[in-house]
Every structure is written in C-alpha cells, then in structure tokens.
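Here is the structure we will look at, set down as structure tokens.
These figures come from a predicted structure and were not determined experimentally. We name chains A, B, ... by the order of the sequence lines, and we start the count at 1 in each one. Note that these values count all heavy atoms, side chains included, but never hydrogens, waters or copies made by symmetry.
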Amino acid sequence: MEALEQLIHAGQLSPVRHRMAAELEDVNTLCSTYRSRIYRYALLSLRDPDLAESVTQDCFLKAYKARNEFRGDCSVATWLTRIATNLIRDATRSRKFQFWKAANSTAVDAGAIADRLRSPGLSPETFLMIKEELRQLWDTVATLPGQQRSVFLLRFVEEMEVLEIATAMGLHVGTVKSHLHRALTAVRKAMEGTK
Amino acid sequence: MKTTHLSAWEHEECILGQATPEMLGHLTECAPCRAEIGRLEHGVALYRKAAMEWSSECLATRPQQPHMAGRRGLPAVALRWAIAAAVLLVLALLPFHVGSPRPVQRTAEISDDVLLQQVDEQVSVAVPASMESLTHLVSTESGSGAGAVTSAPGGKHIVQTN
Ligand SMILES: [Zn+2]
C-alpha cells in the first residue's frame, strides 16, 4: 500500500489533508477546478496555446500519477503550480520551442487584445495611450528571464503570496522578492517609455 | 516619517504589500509618491487584465476537459480487490471447465454432418427447379437416354445416373 493510502486508512491525515488527498483522487474534478489557472500560467509563460495545452494536460497527468507523493504541506494549487513550473521550464528548453521563439511565429498581438478590452466610454486618445502601454508591458514581460517572468506571473496574475511562490518554484523567499523587484523595475521602465 | 521621497525600491515594496509603517506614513502625505505607485499598479493591473482576456479567449476555443476520461478516481484498493476477486473466480471455475465435455466442438461436428448431407442433396439435383419442365420434356422424348427421370418425393424430377 502506498504511503498516502496508508495514512488515509490509518486515519492519520487531518481533515484538511484528507480533503486534499481526495481532491487528487478525482482527476476530472481536479482538472475542472485548476485547469484555467494552470493553462493561463503555461500560456503566458510559453505564448503558445497548443504547447500550453500540452503542458496543462501533462501537469494533471503527472499530478495524478504522483498523487501518493503529495504530503499536503502546501495547497493543491501550489503543488500543481510546482509541477507546471518544471514542465514549462522543460518546454522552453526544447529545440522546437527555441526554433519557434527564434522565428517569433507565436508572437501575440497585444494591440488586438487591447482592442477587445476597450471600454465604450474611453476617448480615442486615452485608448491609444493604453494600447501603447500594454504593448510595451506585454513585450517587457515576454522578455524577462524565465524565473523572473514566472515569479511575476504568479504574483501579479495568479495573485499568489510570496511564500507560496517560493514553495511552488523551489526558491528562497528572498530570491522570489529579488525577482519581483527586478520585474517591477522592468515594468516601470516600460511605463516610462510610454510617457 | 521620511522627509525625502520614497525610493523606487520602496515603491515596489509598497506594491508587494511589504510597506513599513514609515513608508505608509510618507504616502499619506506625499502625492507624487502615491502617483508613482499608482502608475506602477496601473501597469500591473493592465497586464493582468490583458492576460486574463487572452487566456480566456484561448481556453474557450479548446475542448472543455483534457483527455483524461477513464481516469476518474476509482480507489486503488477497490480496484485491486476487484482484480483479485476476478482471478479467484477464474481459478475456481477452471477445474469444472477442464473436466467437462467439449460441447462447442460437438455442436460443430453435428452441424458439419448436416451440412454435408445438404451438399449431397444439392449435388444430386442436376437440374434447377426452373428447368424441371424441360427435363420432363426431354425424358419423355428420349425415353431411355443418359438416365431416366423419376419423380422425387418432393415433386422434383431427379436424374438417376445408374
Ligand atoms: Zn514622496
């Protein structure tokens, strides 16, 4: 019997951990709960919808296979994020990704996204300014070094706490904070460029 | 309270929710520092909004669930018990199966006999039913030709080869 099952059957898991273990057993519920979050993280990291989907599926498959290794010392979301982080790192190292990155074929048009975000009451001048800001920001985040970008996405898109990010990425809290400061400095410079 | 403006690093600390009471005190009285932090927050919020929009859009074009069907959480223990029960059932039935006659093969032999009998009957019918009237005509004209035509019990004419 696996370690986690032994603990469950021996009644040695706290109710919270028991719920987490049960959550990992039902892969369909797991996917429907966390899929959009993991997909978003992969998509923003890789900027390739197909590759992001592949990473997302691999993440849930890997989580299900390794569910007995989950000790419940972090949330399921953090654990999945850790698996996704490793898969994203592996994906960015692949030759296929490097090739398409060099070809810039998966570049996303930030202007088109800005168009869809336009609110009706916005003046054309203000909208153009926001569009330019977004374009600068989009490119800046895309060109951040891998870990810095991951930390930025987890903090400011997924709104994770610094400690959670440190756990998910296997980094010290100080390192996470350092990445965040550098990413914010880059964001500030991007914003200054649009003044 | 600090008399000089907050540094860029301190602005970032404020955005990260790490502001000290001293920094917060400065911000309550310094509009330029508040504006600077507000500008940075606006940038981060704008990026987040766009990121959520793009992700939702991409996700909407994809199937609802990854291909994980069939992996629904059947507890591993239950699955193992089910397999063990199935193996035991097969082992328990095995002696009966080995000791019993082979009804399938016997059925096959019977059906073979019937089939051969039917083939024999078909072969012996040299003339199709549609041409029976002609054979009757031929036999009447030729008398004792290659073979005499007799009337079979079913009303068919059978050529007797002798
Ligand atoms: Zn100030």
Side-chain angles (χ1 to χ4, degrees), chain A residues 1-2 5 9 22 24-32 35-37 39-41 43-44 49 52-53 56-61 64 67-68 108 110 112-114 116-117 130 133-134 136-138 140-141 152-153 155-157 159 161-162 177 180-181 183-185 187-188 190-192 194-195, chain B residues 5-20 23 32-84:
Chain A
M1 197 183 279
E2 303 292 347
E5 286 171 26
H9 287 277
L24 286 171
E25 282 295 326
D26 187 347
V27 76
N28 287 337
T29 305
L30 195 71
C31 286
S32 58
R35 185 187 177 212
S36 60
R37 178 187 176 135
Y39 178 78
R40 186 168 52 235
Y41 176 41
L43 180 69
L44 295 169
E53 177 71 55
T56 305
Q57 290 197 21
D58 286 353
C59 178
F60 287 110
L61 187 58
Y64 185 72
R67 65 195 184 283
N68 291 316
V108 183
I113 300 170
R116 291 191 285 276
L117 291 175
I130 289 175
E133 278 176 351
L134 181 59
Q136 292 281 347
L137 285 167
W138 202 255
T140 298
V141 175
F152 177 84
L153 293 174
R155 179 69 187 95
F156 293 111
V157 178
E159 299 184 320
E161 294 299 325
V162 170
K177 284 186 71 176
L180 283 172
H181 274 288
L184 283 173
T185 301
V187 166
R188 181 192 296 106
M191 299 289 288
E192 281 169 359
T194 61
K195 267 182 185 173
Chain B
H5 285 304
L6 299 179
S7 66
W9 188 87
E10 286 170 320
H11 289 158
E12 289 162 13
E13 282 287 274
C14 292
I15 287 175
L16 294 171
Q18 308 283 316
T20 61
M23 290 178 202
C33 279
R34 282 201 305 273
E36 192 58 39
I37 290 171
R39 188 167 168 73
L40 202 49
E41 278 177 335
H42 158 76
V44 168
L46 181 62
Y47 179 85
R48 183 172 193 272
K49 203 173 173 185
M52 299 299 258
E53 170 71 20
W54 185 45
S55 175
S56 302
E57 212 176 87
C58 290
L59 207 55
T61 62
R62 300 194 165 264
Q64 276 297 302
Q65 287 278 339
H67 307 293
M68 305 286 271
R71 294 197 184 101
R72 193 172 181 85
L74 179 64
V77 178
L79 186 66
R80 285 171 197 170
W81 274 112
I83 293 168

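- If you measure heavy-atom distances from A:E159 to chain B, the contacts under 4.5 Å come from the side chain alone.
- A:L180 places none of its side-chain heavy atoms less than 4.5 Å from the side chain of B:I15.
- The two residues B:S55 and A:S36 come nearest to each other via the heavy atoms OG-O, 4.4 Å.
- Between B:Y47 and A:L134, the shortest heavy-atom contact is CA-CD1, 4.3 Å.
- For B:E13, the parts sitting under 4.5 Å from any heavy atom of chain A are the backbone and the side chain alike.
- Checking side-chain atoms of B:R39 against main-chain N and O of A:M191 turns up a donor-acceptor pair under 3.5 Å.
- Contact annotation for A:T185: both backbone and side-chain heavy atoms come within less than 4.5 Å of a heavy atom of chain B.
- Ring geometry, B:W9 versus A:H181: the interplanar angle falls under 30°, so the pair is classed parallel (tilted spans 30 to 60°).
- Using a 4.5 Å cut-off between heavy atoms, A:L153 contacts chain B through its side chain alone, with no backbone atom that close.
- Looking only at distances, a side-chain donor or acceptor of B:R48 sits under 3.5 Å from a matching main-chain atom of A:V157.
- Here the CZ atom belonging to A:R40 is positioned 7.0 Å from the OG atom belonging to B:S56, to the nearest 0.5 angstrom.
- Closest of all the heavy-atom pairs between A:W138 and B:A50 is CZ3-CB, 3.8 Å.
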*For side chain to side chain contact (heavy atoms under 4.5 Å, CB included), just list the numbers for B:L59 and A:L43, CA-CA rounded to whole Å, side-chain angles, deciding distance to a tenth of an Å, and then say yes or no.*
CA-CA 10 Å; B:L59 207 55; A:L43 180 69; over 6 Å; no
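- Between B:L16 and A:R155, the closest heavy-atom pair is O-NH2, 3.9 Å.
- With rounding to the nearest 0.5 Å, the separation of CD1 in A:I113 from NZ in B:K49 is 13.0 Å.
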*B:E12 vs A:K177, side chain to side chain contact (heavy atoms under 4.5 Å, CB included): CA-CA, chis, key distance, verdict*: CA-CA 10 Å; B:E12 289 162 13; A:K177 284 186 71 176; over 6 Å; no
